[in-house]
Amino acid sequence: MEGLDVRIGSLSLKNPVLLASGCVGYGEEIGRFIDLSAIGGIVVKGLYMKPRIGNPPPRIWETPSGMLNSIGLSGIGIHAFIQEKLPLLRETGATVIVNVCGETENEYEEVSRVCDATDGIHALELNISCPNIKENGRCPGMNRDATFSLVSRIRKATKKPLIAKLSPNITDIASIAQSAEEAGADAVSLINTLLGMAIDIETGETRTATGMGGLSGPAIRPVAVRMVYQVARTVSIPVIGMGGISTWRDAIEFFMAGAGAIQIGTTNFINPHVSIEILNGIQDYLVSRRQKLADIIGCCHIGPRR
Amino acid sequence: MAHYLAARVISVEPLKSYVRLTLEAPSIAAEMRPGQFVMVSASPEAFLARPFSIAHVDGDRISIVFQAVGCGTDWLVALRPGNTTKVLGPLGNGFCLGDGDHPVIVAGGRGIAPFYDLVRRISHLSPVLFYGGRTKEQIVEPEYFERFCDRLVITTEDGSAGRQGFLTDPLADYLQKNTPPVIYGCGPHAMLHRVAELADGIRTEFSMEARMACGFGICIGCVIPAGESGYRRVCIDGPIFGAKDIRWKDLT
(Lines give C-alpha, C1' and ligand atoms only; values in the text may rest on other atoms or scores of the structure.)
Protein backbone atom coordinates (compact mmCIF):
# COMPACT_ATOMS: atom_id res chain seq x y z
CA MET A 1 0.00 0.00 0.00
CA GLU A 2 1.22 3.47 -0.86
CA GLY A 3 1.31 6.33 1.56
CA LEU A 4 2.55 4.22 4.45
CA ASP A 5 6.21 5.15 4.19
CA VAL A 6 7.78 7.15 6.98
CA ARG A 7 10.90 9.32 7.01
CA ILE A 8 13.23 9.38 10.00
CA GLY A 9 16.02 11.80 9.12
CA SER A 10 17.60 10.40 5.96
CA LEU A 11 16.01 6.99 6.47
CA SER A 12 12.87 5.96 4.68
CA LEU A 13 10.85 3.20 6.33
CA LYS A 14 8.46 1.33 4.07
CA ASN A 15 5.77 1.43 6.73
CA PRO A 16 5.33 2.73 10.28
CA VAL A 17 5.41 -0.59 12.15
CA LEU A 18 8.68 -1.37 13.92
CA LEU A 19 9.63 -4.10 16.34
CA ALA A 20 10.69 -2.66 19.70
CA SER A 21 14.08 -3.17 21.27
CA GLY A 22 14.30 -5.75 24.03
CA CYS A 23 11.24 -7.57 22.79
CA VAL A 24 12.56 -9.34 19.71
CA GLY A 25 16.18 -10.20 20.51
CA TYR A 26 18.35 -9.77 17.40
CA GLY A 27 15.62 -10.90 15.06
CA GLU A 28 16.63 -14.53 14.72
CA GLU A 29 13.77 -16.12 16.68
CA ILE A 30 10.97 -13.76 15.59
CA GLY A 31 12.22 -14.09 12.02
CA ARG A 32 11.07 -17.72 12.07
CA PHE A 33 7.49 -16.45 12.39
CA ILE A 34 7.37 -13.31 10.28
CA ASP A 35 9.02 -11.81 7.21
CA LEU A 36 11.17 -9.08 8.72
CA SER A 37 11.34 -7.23 5.41
CA ALA A 38 7.56 -6.78 5.46
CA ILE A 39 7.62 -4.44 8.44
CA GLY A 40 9.10 -0.98 8.78
CA GLY A 41 12.12 -2.17 10.72
CA ILE A 42 13.49 -4.01 13.70
CA VAL A 43 15.14 -2.32 16.67
CA VAL A 44 17.44 -4.98 18.09
CA LYS A 45 18.04 -5.58 21.76
CA GLY A 46 20.21 -2.95 23.46
CA LEU A 47 23.93 -3.34 22.82
CA TYR A 48 26.98 -2.26 24.81
CA MET A 49 30.58 -2.68 23.71
CA LYS A 50 31.00 -5.88 25.69
CA PRO A 51 28.66 -8.81 26.36
CA ARG A 52 26.57 -8.58 29.53
CA ILE A 53 25.11 -11.54 31.38
CA GLY A 54 22.19 -9.58 32.78
CA ASN A 55 20.37 -9.88 36.08
CA PRO A 56 19.82 -13.06 38.09
CA PRO A 57 16.40 -14.72 37.87
CA PRO A 58 13.55 -14.31 38.60
CA ARG A 59 13.47 -11.70 35.85
CA ILE A 60 9.81 -11.47 34.97
CA TRP A 61 6.45 -11.22 36.70
CA GLU A 62 2.99 -11.04 35.20
CA THR A 63 0.85 -8.09 36.28
CA PRO A 64 -2.69 -7.03 35.39
CA SER A 65 -2.59 -6.42 31.61
CA GLY A 66 1.16 -6.40 31.56
CA MET A 67 4.41 -7.64 32.99
CA LEU A 68 7.42 -6.51 34.95
CA ASN A 69 10.86 -7.34 33.66
CA SER A 70 14.31 -7.01 35.06
CA ILE A 71 16.45 -8.60 32.38
CA GLY A 72 19.37 -6.27 33.04
CA LEU A 73 20.21 -5.57 29.39
CA SER A 74 21.82 -8.92 28.86
CA GLY A 75 23.37 -9.00 25.43
CA ILE A 76 26.18 -10.22 23.23
CA GLY A 77 27.89 -6.86 22.68
CA ILE A 78 28.12 -4.83 19.48
CA HIS A 79 30.99 -6.76 17.88
CA ALA A 80 29.41 -10.19 18.33
CA PHE A 81 26.16 -8.74 17.02
CA ILE A 82 27.85 -7.51 13.87
CA GLN A 83 29.70 -10.77 13.31
CA GLU A 84 27.06 -13.32 14.28
CA LYS A 85 23.63 -11.76 13.96
CA LEU A 86 23.75 -8.89 11.49
CA PRO A 87 24.56 -11.09 8.45
CA LEU A 88 21.38 -13.10 9.10
CA LEU A 89 19.36 -9.92 9.47
CA ARG A 90 20.79 -8.48 6.26
CA GLU A 91 19.77 -11.63 4.40
CA THR A 92 16.17 -11.05 5.43
CA GLY A 93 16.20 -7.58 3.92
CA ALA A 94 15.10 -6.02 7.20
CA THR A 95 15.73 -2.39 8.09
CA VAL A 96 17.96 -2.68 11.13
CA ILE A 97 18.09 -0.16 13.93
CA VAL A 98 20.55 -0.73 16.77
CA ASN A 99 19.55 0.25 20.28
CA VAL A 100 22.74 1.83 21.61
CA CYS A 101 23.60 1.47 25.31
CA GLY A 102 26.48 2.57 27.47
CA GLU A 103 27.48 2.69 31.08
CA THR A 104 29.32 5.95 30.35
CA GLU A 105 29.06 8.61 27.67
CA ASN A 106 32.32 7.23 26.27
CA GLU A 107 30.79 3.81 25.84
CA TYR A 108 27.67 5.18 24.16
CA GLU A 109 29.95 7.01 21.76
CA GLU A 110 32.12 3.97 21.08
CA VAL A 111 29.11 1.79 20.26
CA SER A 112 27.69 4.57 18.08
CA ARG A 113 30.92 4.90 16.12
CA VAL A 114 30.98 1.17 15.46
CA CYS A 115 27.37 1.32 14.25
CA ASP A 116 28.15 4.33 12.08
CA ALA A 117 30.95 2.43 10.38
CA THR A 118 28.94 -0.75 9.78
CA ASP A 119 26.94 -1.38 6.61
CA GLY A 120 23.58 -2.92 7.24
CA ILE A 121 22.86 -0.86 10.34
CA HIS A 122 20.40 1.72 9.08
CA ALA A 123 19.84 3.87 12.15
CA LEU A 124 20.67 4.21 15.84
CA GLU A 125 18.21 4.36 18.70
CA LEU A 126 19.98 5.86 21.66
CA ASN A 127 18.82 4.13 24.81
CA ILE A 128 18.91 7.02 27.23
CA SER A 129 16.06 5.49 29.15
CA CYS A 130 16.72 1.97 30.30
CA PRO A 131 16.29 2.04 34.04
CA ASN A 132 19.53 1.02 35.68
CA ILE A 133 18.30 -0.77 38.74
CA LYS A 134 21.66 -0.56 40.48
CA GLU A 135 21.41 3.21 40.37
CA ASN A 136 17.88 3.31 41.77
CA GLY A 137 16.39 3.26 38.31
CA ARG A 138 18.30 6.28 37.03
CA CYS A 139 19.13 6.93 33.40
CA PRO A 140 20.39 9.92 31.34
CA GLY A 141 16.88 10.44 29.99
CA MET A 142 15.70 11.63 33.40
CA ASN A 143 17.58 14.87 33.11
CA ARG A 144 17.47 17.62 30.44
CA ASP A 145 21.16 18.44 30.62
CA ALA A 146 22.30 14.82 30.59
CA THR A 147 20.03 14.18 27.61
CA PHE A 148 21.35 17.21 25.73
CA SER A 149 24.95 16.35 26.48
CA LEU A 150 24.68 12.71 25.45
CA VAL A 151 22.59 13.25 22.32
CA SER A 152 24.90 16.09 21.17
CA ARG A 153 27.92 13.90 21.58
CA ILE A 154 26.39 10.98 19.67
CA ARG A 155 25.14 13.36 16.98
CA LYS A 156 28.79 14.17 16.27
CA ALA A 157 29.68 10.47 16.22
CA THR A 158 27.24 9.38 13.52
CA LYS A 159 25.72 10.61 10.31
CA LYS A 160 23.12 7.88 10.43
CA PRO A 161 19.60 8.68 11.59
CA LEU A 162 19.57 9.08 15.34
CA ILE A 163 16.54 8.34 17.50
CA ALA A 164 16.50 9.13 21.22
CA LYS A 165 14.43 6.67 23.25
CA LEU A 166 12.83 8.47 26.14
CA SER A 167 12.01 7.41 29.66
CA PRO A 168 8.52 7.90 31.07
CA ASN A 169 9.92 7.92 34.60
CA ILE A 170 10.05 11.69 34.82
CA THR A 171 7.69 14.62 35.38
CA ASP A 172 7.90 16.47 32.09
CA ILE A 173 8.72 14.22 29.14
CA ALA A 174 8.14 16.99 26.59
CA SER A 175 11.07 18.99 27.96
CA ILE A 176 13.37 15.97 27.61
CA ALA A 177 12.16 15.46 24.05
CA GLN A 178 12.94 19.11 23.37
CA SER A 179 16.49 18.65 24.68
CA ALA A 180 16.95 15.66 22.39
CA GLU A 181 15.68 17.66 19.42
CA GLU A 182 17.91 20.63 20.23
CA ALA A 183 20.88 18.26 20.50
CA GLY A 184 20.27 17.02 16.97
CA ALA A 185 18.16 13.86 17.28
CA ASP A 186 16.28 12.99 14.10
CA ALA A 187 13.38 11.48 16.04
CA VAL A 188 12.34 10.50 19.53
CA SER A 189 10.83 7.17 20.52
CA LEU A 190 8.70 6.67 23.61
CA ILE A 191 7.90 5.25 26.01
CA ASN A 192 10.36 2.87 27.58
CA THR A 193 9.01 0.84 30.51
CA LEU A 194 7.62 2.42 33.64
CA LEU A 195 9.46 1.51 36.82
CA GLY A 196 7.37 -0.84 38.91
CA MET A 197 7.51 -3.39 41.68
CA ALA A 198 5.54 -6.40 42.88
CA ILE A 199 5.83 -8.24 46.19
CA ASP A 200 4.99 -11.79 47.28
CA ILE A 201 2.83 -11.20 50.36
CA GLU A 202 3.57 -14.67 51.78
CA THR A 203 7.31 -14.09 51.99
CA GLY A 204 7.67 -10.32 51.62
CA GLU A 205 10.11 -10.90 48.76
CA THR A 206 10.00 -8.83 45.63
CA ARG A 207 8.90 -10.74 42.55
CA THR A 208 12.01 -9.88 40.56
CA ALA A 209 15.48 -10.51 41.91
CA THR A 210 16.51 -6.87 41.54
CA GLY A 211 13.51 -5.47 43.39
CA MET A 212 12.24 -3.11 40.76
CA GLY A 213 11.38 -3.90 37.20
CA GLY A 214 10.14 -2.24 34.04
CA LEU A 215 6.39 -2.40 33.50
CA SER A 216 5.19 -2.99 29.94
CA GLY A 217 2.08 -4.18 28.14
CA PRO A 218 -1.42 -2.73 27.74
CA ALA A 219 -1.31 -1.58 31.37
CA ILE A 220 0.92 1.34 30.37
CA ARG A 221 -0.81 2.25 27.11
CA PRO A 222 -2.84 5.27 28.29
CA VAL A 223 0.30 6.72 29.87
CA ALA A 224 2.18 6.20 26.61
CA VAL A 225 -0.59 7.74 24.47
CA ARG A 226 -0.65 10.78 26.73
CA MET A 227 3.12 11.20 26.59
CA VAL A 228 3.20 10.81 22.80
CA TYR A 229 0.51 13.49 22.62
CA GLN A 230 2.49 15.86 24.83
CA VAL A 231 5.76 15.28 23.00
CA ALA A 232 4.27 15.50 19.51
CA ARG A 233 2.85 18.93 20.33
CA THR A 234 6.25 20.11 21.51
CA VAL A 235 8.82 18.88 19.01
CA SER A 236 8.92 19.08 15.23
CA ILE A 237 10.90 15.86 14.65
CA PRO A 238 9.02 12.56 14.16
CA VAL A 239 7.71 10.80 17.25
CA ILE A 240 7.83 7.02 17.36
CA GLY A 241 5.18 5.80 19.80
CA MET A 242 5.14 2.61 21.79
CA GLY A 243 3.76 1.23 25.03
CA GLY A 244 1.26 -1.62 25.21
CA ILE A 245 0.27 -1.67 21.55
CA SER A 246 -1.38 -5.05 21.02
CA THR A 247 -3.89 -4.45 18.22
CA TRP A 248 -4.16 -2.23 15.14
CA ARG A 249 -6.71 -0.12 17.02
CA ASP A 250 -4.09 0.69 19.63
CA ALA A 251 -1.71 1.68 16.85
CA ILE A 252 -4.27 4.08 15.34
CA GLU A 253 -4.64 5.71 18.76
CA PHE A 254 -0.90 6.42 18.81
CA PHE A 255 -0.98 7.90 15.30
CA MET A 256 -3.86 10.14 16.28
CA ALA A 257 -1.94 11.22 19.38
CA GLY A 258 0.86 12.35 17.08
CA ALA A 259 3.12 9.35 16.46
CA GLY A 260 4.53 9.10 12.94
CA ALA A 261 5.52 5.47 13.51
CA ILE A 262 5.00 2.87 16.21
CA GLN A 263 6.91 0.04 17.83
CA ILE A 264 5.48 -3.29 18.92
CA GLY A 265 7.07 -4.72 22.04
CA THR A 266 5.69 -7.02 24.70
CA THR A 267 2.80 -8.29 22.56
CA ASN A 268 5.30 -10.16 20.39
CA PHE A 269 5.78 -12.46 23.38
CA ILE A 270 2.19 -13.64 23.19
CA ASN A 271 1.65 -13.63 19.44
CA PRO A 272 4.78 -13.66 17.27
CA HIS A 273 2.70 -12.70 14.20
CA VAL A 274 1.16 -9.66 15.84
CA SER A 275 3.23 -6.99 14.08
CA ILE A 276 2.07 -8.19 10.65
CA GLU A 277 -1.53 -8.37 11.89
CA ILE A 278 -1.25 -4.81 13.18
CA LEU A 279 0.25 -3.60 9.91
CA ASN A 280 -2.60 -5.22 7.95
CA GLY A 281 -5.14 -3.72 10.34
CA ILE A 282 -3.70 -0.23 9.87
CA GLN A 283 -3.86 -0.62 6.09
CA ASP A 284 -7.46 -1.85 6.16
CA TYR A 285 -8.48 1.02 8.43
CA LEU A 286 -6.92 3.63 6.15
CA VAL A 287 -8.35 2.03 3.00
CA SER A 288 -11.84 1.84 4.49
CA ARG A 289 -11.68 5.51 5.39
CA ARG A 290 -9.90 6.52 2.17
CA GLN A 291 -7.19 8.18 4.19
CA LYS A 292 -3.44 8.23 4.13
CA LEU A 293 -1.33 7.71 7.21
CA ALA A 294 -0.34 11.37 7.20
CA ASP A 295 -4.01 12.34 7.44
CA ILE A 296 -4.44 10.80 10.85
CA ILE A 297 -1.10 11.65 12.48
CA GLY A 298 -1.83 14.03 15.32
CA CYS A 299 -5.47 14.39 14.28
CA CYS A 300 -6.90 13.81 17.74
CA HIS A 301 -8.81 16.61 19.37
CA ILE A 302 -10.19 17.09 22.79
CA GLY A 303 -13.58 15.45 23.02
CA PRO A 304 -16.34 14.69 23.28
CA ARG A 305 -17.92 17.04 20.80
CA ARG A 306 -20.86 18.84 22.30
CA MET B 1 8.86 -24.72 13.25
CA ALA B 2 6.42 -23.53 15.85
CA HIS B 3 2.79 -22.77 15.08
CA TYR B 4 0.44 -20.29 16.72
CA LEU B 5 -3.15 -21.39 16.46
CA ALA B 6 -6.54 -21.43 18.12
CA ALA B 7 -6.87 -24.97 19.45
CA ARG B 8 -10.25 -26.54 20.12
CA VAL B 9 -10.71 -28.15 23.52
CA ILE B 10 -11.46 -31.88 23.24
CA SER B 11 -11.62 -32.70 26.95
CA VAL B 12 -10.68 -31.61 30.44
CA GLU B 13 -10.23 -34.55 32.83
CA PRO B 14 -9.30 -34.55 36.49
CA LEU B 15 -6.30 -36.78 37.21
CA LYS B 16 -6.17 -36.92 41.03
CA SER B 17 -4.19 -33.77 42.02
CA TYR B 18 -3.78 -32.79 38.38
CA VAL B 19 -5.79 -32.11 35.26
CA ARG B 20 -5.39 -33.34 31.70
CA LEU B 21 -6.38 -30.89 28.97
CA THR B 22 -6.63 -32.35 25.47
CA LEU B 23 -6.57 -29.98 22.52
CA GLU B 24 -6.94 -30.33 18.78
CA ALA B 25 -3.72 -28.89 17.37
CA PRO B 26 -2.84 -30.81 14.19
CA SER B 27 0.28 -28.92 13.11
CA ILE B 28 1.75 -29.05 16.61
CA ALA B 29 0.91 -32.74 17.03
CA ALA B 30 2.52 -33.55 13.68
CA GLU B 31 5.86 -31.96 14.52
CA MET B 32 6.23 -32.42 18.25
CA ARG B 33 9.18 -34.36 19.72
CA PRO B 34 9.15 -35.73 23.29
CA GLY B 35 10.29 -33.17 25.84
CA GLN B 36 9.02 -30.18 23.87
CA PHE B 37 6.43 -27.80 25.25
CA VAL B 38 3.64 -25.43 24.29
CA MET B 39 2.64 -21.96 25.45
CA VAL B 40 -1.09 -21.98 26.19
CA SER B 41 -3.11 -18.78 26.56
CA ALA B 42 -4.88 -19.01 29.87
CA SER B 43 -7.79 -16.55 30.01
CA PRO B 44 -8.25 -12.99 28.78
CA GLU B 45 -7.24 -11.80 32.24
CA ALA B 46 -3.90 -13.60 32.38
CA PHE B 47 -1.69 -11.44 30.19
CA LEU B 48 0.95 -14.04 29.39
CA ALA B 49 0.55 -17.56 28.06
CA ARG B 50 1.71 -20.46 30.27
CA PRO B 51 4.33 -23.08 29.38
CA PHE B 52 3.42 -26.77 29.63
CA SER B 53 5.24 -29.92 28.60
CA ILE B 54 3.38 -31.78 25.92
CA ALA B 55 2.26 -35.05 27.55
CA HIS B 56 0.41 -37.08 24.92
CA VAL B 57 0.24 -36.86 21.18
CA ASP B 58 -2.57 -38.78 19.50
CA GLY B 59 -3.33 -38.06 15.85
CA ASP B 60 -4.31 -34.41 15.63
CA ARG B 61 -4.45 -34.03 19.38
CA ILE B 62 -2.05 -33.04 22.08
CA SER B 63 -2.61 -33.02 25.81
CA ILE B 64 -1.00 -31.35 28.76
CA VAL B 65 -1.05 -32.52 32.39
CA PHE B 66 -0.86 -29.79 34.99
CA GLN B 67 -1.84 -28.61 38.42
CA ALA B 68 -4.28 -25.72 38.97
CA VAL B 69 -2.16 -23.26 40.93
CA GLY B 70 -3.44 -19.79 40.02
CA CYS B 71 -5.66 -17.65 37.85
CA GLY B 72 -4.34 -18.96 34.52
CA THR B 73 -4.47 -22.65 35.30
CA ASP B 74 -7.86 -22.28 37.08
CA TRP B 75 -9.23 -20.84 33.86
CA LEU B 76 -7.84 -23.76 31.85
CA VAL B 77 -9.55 -26.20 34.20
CA ALA B 78 -12.87 -24.43 33.58
CA LEU B 79 -12.60 -24.86 29.79
CA ARG B 80 -15.25 -27.05 28.18
CA PRO B 81 -15.17 -29.16 25.00
CA GLY B 82 -15.66 -26.92 22.00
CA ASN B 83 -14.03 -23.87 23.63
CA THR B 84 -10.82 -22.66 22.05
CA THR B 85 -7.57 -21.31 23.39
CA LYS B 86 -4.47 -20.04 21.64
CA VAL B 87 -1.49 -22.37 21.59
CA LEU B 88 2.08 -21.76 20.42
CA GLY B 89 4.34 -24.72 19.78
CA PRO B 90 6.02 -27.10 19.65
CA LEU B 91 8.82 -25.25 21.44
CA GLY B 92 12.18 -26.12 22.96
CA ASN B 93 14.82 -28.70 22.15
CA GLY B 94 13.21 -31.93 23.37
CA PHE B 95 14.86 -35.07 24.67
CA CYS B 96 17.66 -36.85 22.84
CA LEU B 97 16.39 -40.39 22.42
CA GLY B 98 19.32 -42.71 23.04
CA ASP B 99 19.57 -46.32 22.04
CA GLY B 100 20.94 -48.04 25.15
CA ASP B 101 18.83 -50.52 27.09
CA HIS B 102 17.18 -49.68 30.40
CA PRO B 103 17.26 -45.90 30.36
CA VAL B 104 16.19 -44.49 33.70
CA ILE B 105 13.37 -41.96 34.03
CA VAL B 106 12.93 -39.93 37.22
CA ALA B 107 9.66 -38.04 37.69
CA GLY B 108 8.57 -35.99 40.69
CA GLY B 109 4.89 -35.04 40.97
CA ARG B 110 3.65 -33.19 37.89
CA GLY B 111 7.11 -33.73 36.45
CA ILE B 112 5.59 -36.90 35.03
CA ALA B 113 4.03 -34.89 32.19
CA PRO B 114 6.80 -35.03 29.54
CA PHE B 115 7.24 -38.78 30.06
CA TYR B 116 3.83 -39.86 28.80
CA ASP B 117 5.07 -39.58 25.25
CA LEU B 118 8.69 -40.47 25.95
CA VAL B 119 7.95 -43.90 27.50
CA ARG B 120 5.79 -44.80 24.55
CA ARG B 121 8.57 -43.97 22.12
CA ILE B 122 11.36 -45.71 24.01
CA SER B 123 9.42 -48.69 25.36
CA HIS B 124 11.52 -51.03 23.18
CA LEU B 125 14.51 -50.03 25.33
CA SER B 126 12.75 -51.27 28.51
CA PRO B 127 12.93 -48.06 30.55
CA VAL B 128 12.98 -48.03 34.34
CA LEU B 129 10.75 -45.35 35.89
CA PHE B 130 11.18 -43.88 39.37
CA TYR B 131 8.02 -41.99 40.11
CA GLY B 132 7.60 -40.02 43.33
CA GLY B 133 4.97 -37.80 44.90
CA ARG B 134 3.99 -36.40 48.25
CA THR B 135 0.90 -38.63 48.42
CA LYS B 136 -0.86 -41.16 46.19
CA GLU B 137 -2.89 -38.25 44.80
CA GLN B 138 0.24 -37.16 42.96
CA ILE B 139 0.84 -40.56 41.38
CA VAL B 140 -1.33 -40.55 38.29
CA GLU B 141 -2.02 -43.43 35.92
CA PRO B 142 0.71 -45.82 37.09
CA GLU B 143 -0.94 -48.53 34.96
CA TYR B 144 -0.22 -46.49 31.81
CA PHE B 145 3.46 -46.25 32.66
CA GLU B 146 3.64 -49.92 33.63
CA ARG B 147 2.63 -50.82 30.06
CA PHE B 148 5.68 -49.14 28.60
CA CYS B 149 8.30 -49.60 31.30
CA ASP B 150 10.32 -52.60 32.32
CA ARG B 151 10.12 -51.53 35.95
CA LEU B 152 8.09 -48.91 37.80
CA VAL B 153 9.24 -47.84 41.27
CA ILE B 154 6.73 -45.63 43.08
CA THR B 155 7.50 -43.64 46.21
CA THR B 156 5.37 -41.28 48.29
CA GLU B 157 6.45 -39.12 51.18
CA ASP B 158 3.50 -40.27 53.30
CA GLY B 159 3.64 -43.89 52.21
CA SER B 160 0.12 -43.83 50.75
CA ALA B 161 1.39 -45.45 47.55
CA GLY B 162 4.53 -47.46 46.84
CA ARG B 163 7.51 -47.17 49.08
CA GLN B 164 7.58 -44.43 51.73
CA GLY B 165 10.21 -41.73 51.27
CA PHE B 166 11.90 -39.90 48.41
CA LEU B 167 12.42 -41.49 45.04
CA THR B 168 16.10 -40.68 45.26
CA ASP B 169 16.53 -43.48 47.87
CA PRO B 170 15.56 -46.40 45.61
CA LEU B 171 17.27 -44.58 42.73
CA ALA B 172 20.54 -44.50 44.69
CA ASP B 173 20.24 -48.27 45.34
CA TYR B 174 19.52 -48.93 41.68
CA LEU B 175 22.47 -46.85 40.48
CA GLN B 176 24.84 -48.75 42.78
CA LYS B 177 24.10 -51.92 40.84
CA ASN B 178 23.32 -50.56 37.39
CA THR B 179 24.76 -48.03 34.97
CA PRO B 180 21.96 -46.82 32.72
CA PRO B 181 22.82 -45.19 29.37
CA VAL B 182 20.91 -42.06 30.33
CA ILE B 183 18.78 -40.60 33.13
CA TYR B 184 15.78 -38.53 32.07
CA GLY B 185 14.43 -36.29 34.82
CA CYS B 186 11.65 -33.80 35.50
CA GLY B 187 10.42 -32.50 38.83
CA PRO B 188 11.26 -30.08 41.63
CA HIS B 189 14.72 -28.51 41.39
CA ALA B 190 15.78 -29.96 44.76
CA MET B 191 14.95 -33.45 43.52
CA LEU B 192 16.80 -32.94 40.25
CA HIS B 193 19.81 -31.58 42.09
CA ARG B 194 19.96 -34.77 44.18
CA VAL B 195 19.56 -36.91 41.05
CA ALA B 196 22.38 -34.94 39.43
CA GLU B 197 24.65 -35.85 42.36
CA LEU B 198 23.69 -39.52 42.08
CA ALA B 199 24.15 -39.55 38.30
CA ASP B 200 27.92 -39.23 38.68
CA GLY B 201 29.07 -39.38 35.08
CA ILE B 202 25.94 -40.90 33.59
CA ARG B 203 24.44 -38.81 30.80
CA THR B 204 21.43 -36.83 32.01
CA GLU B 205 18.52 -35.13 30.26
CA PHE B 206 16.61 -32.96 32.69
CA SER B 207 13.51 -31.00 31.78
CA MET B 208 13.75 -27.66 33.61
CA GLU B 209 10.98 -25.31 34.60
CA ALA B 210 10.94 -21.52 34.70
CA ARG B 211 8.51 -18.67 34.53
CA MET B 212 8.28 -17.62 30.89
CA ALA B 213 6.84 -14.71 28.98
CA CYS B 214 7.33 -15.76 25.34
CA GLY B 215 8.53 -19.36 25.17
CA PHE B 216 10.60 -18.86 22.02
CA GLY B 217 13.69 -16.97 23.05
CA ILE B 218 12.95 -13.27 22.74
CA CYS B 219 12.08 -12.09 26.25
CA ILE B 220 15.18 -13.56 27.95
CA GLY B 221 13.08 -13.87 31.09
CA CYS B 222 13.26 -17.61 31.76
CA VAL B 223 16.98 -17.98 32.32
CA ILE B 224 18.71 -20.40 34.69
CA PRO B 225 22.36 -20.37 35.74
CA ALA B 226 24.10 -22.70 33.32
CA GLY B 227 27.50 -23.14 31.78
CA GLU B 228 30.63 -21.78 33.40
CA SER B 229 29.08 -18.38 33.95
CA GLY B 230 25.98 -16.50 32.95
CA TYR B 231 22.58 -17.82 32.09
CA ARG B 232 20.76 -19.82 29.48
CA ARG B 233 17.17 -19.54 28.35
CA VAL B 234 15.06 -22.49 29.44
CA CYS B 235 12.70 -22.00 26.49
CA ILE B 236 15.11 -22.22 23.58
CA ASP B 237 18.44 -23.45 24.98
CA GLY B 238 16.33 -26.04 26.84
CA PRO B 239 14.02 -27.00 28.39
CA ILE B 240 16.17 -30.13 28.34
CA PHE B 241 19.60 -29.62 29.92
CA GLY B 242 22.40 -31.95 30.95
CA ALA B 243 22.75 -31.85 34.74
CA LYS B 244 26.43 -30.99 34.49
CA ASP B 245 25.62 -27.81 32.55
CA ILE B 246 23.50 -26.41 35.37
CA ARG B 247 25.12 -24.46 38.22
CA TRP B 248 22.94 -26.05 40.89
CA LYS B 249 24.22 -23.92 43.75
CA ASP B 250 23.13 -20.76 41.92
CA LEU B 251 19.70 -22.12 41.07
CA THR B 252 16.93 -20.52 43.09
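Below, read A as the first sequence line, B as the second, and so on, with proteins coming before strands; counting in each chain starts at 1.
Of the residues considered (A:Cys23, A:Gly25, A:Gly217), A:Cys23 shows the highest number of contacts with chain B, using heavy-atom pairs under 4.5 Å. Taking chain B as the reference chain and counting heavy-atom pairs below 4.5 Å, the highest number among A:Pro56, A:Gly27, A:Ala219, A:Gly54 is found for A:Pro56. Among the candidates B:Gly215, B:Ala213, B:Gly230, B:Ala210, the residue making the largest number of heavy-atom pairs closer than 4.5 Å to chain A is B:Ala213.
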Taking atom types as modelled, which donor-acceptor pairs link chain A and chain B at under 3.5 angstrom?
{"residue": "A:Glu29", "atom": "OE2", "partner": "B:Arg233", "partner atom": "NH1", "Å": "3.0"}
{"residue": "A:Arg59", "atom": "NH1", "partner": "B:Ile220", "partner atom": "O", "Å": "2.8"}
{"residue": "A:Glu62", "atom": "OE1", "partner": "B:Arg50", "partner atom": "NH1", "Å": "3.4"}
{"residue": "A:Glu62", "atom": "OE1", "partner": "B:Arg50", "partner atom": "NH2", "Å": "2.8"}
{"residue": "A:Glu62", "atom": "OE2", "partner": "B:Phe47", "partner atom": "N", "Å": "2.9"}
{"residue": "A:Glu62", "atom": "OE2", "partner": "B:Leu48", "partner atom": "N", "Å": "2.6"}
{"residue": "A:Glu62", "atom": "OE2", "partner": "B:Arg50", "partner atom": "NH1", "Å": "3.0"}

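Contact of B:Ile236 with chain A is made through the side chain alone, with heavy-atom distances under 4.5 Å. For chain A, the nearby part of B:Met1 is the side chain; its heavy atoms alone come within less than 4.5 Å. Heavy atoms closer than 4.5 Å to chain A are found in both the backbone and the side chain of B:Leu48.
Ring pair A:Phe269/B:Phe216: centre-to-centre distance not below 6.0 Å.
The minimum heavy-atom distance linking B:Cys219 with A:Ile71 is given by the pair O-CD1, 3.3 Å.
The ring-ring contact (aromatic ring centres under 6.0 Å, His included) test applied to B:Phe47 returns no partner, not counting sequence neighbours. Applying the ring-ring contact (aromatic ring centres under 6.0 Å, His included) criterion to A:Phe254, with sequence neighbours excluded, gives no partner residue.
Residue pairs that meet the salt bridge (Lys or Arg N to Asp or Glu O under 4.0 Å) test with at least one member in residues 63-75 of chain A, sequence neighbours left out, do not exist here.
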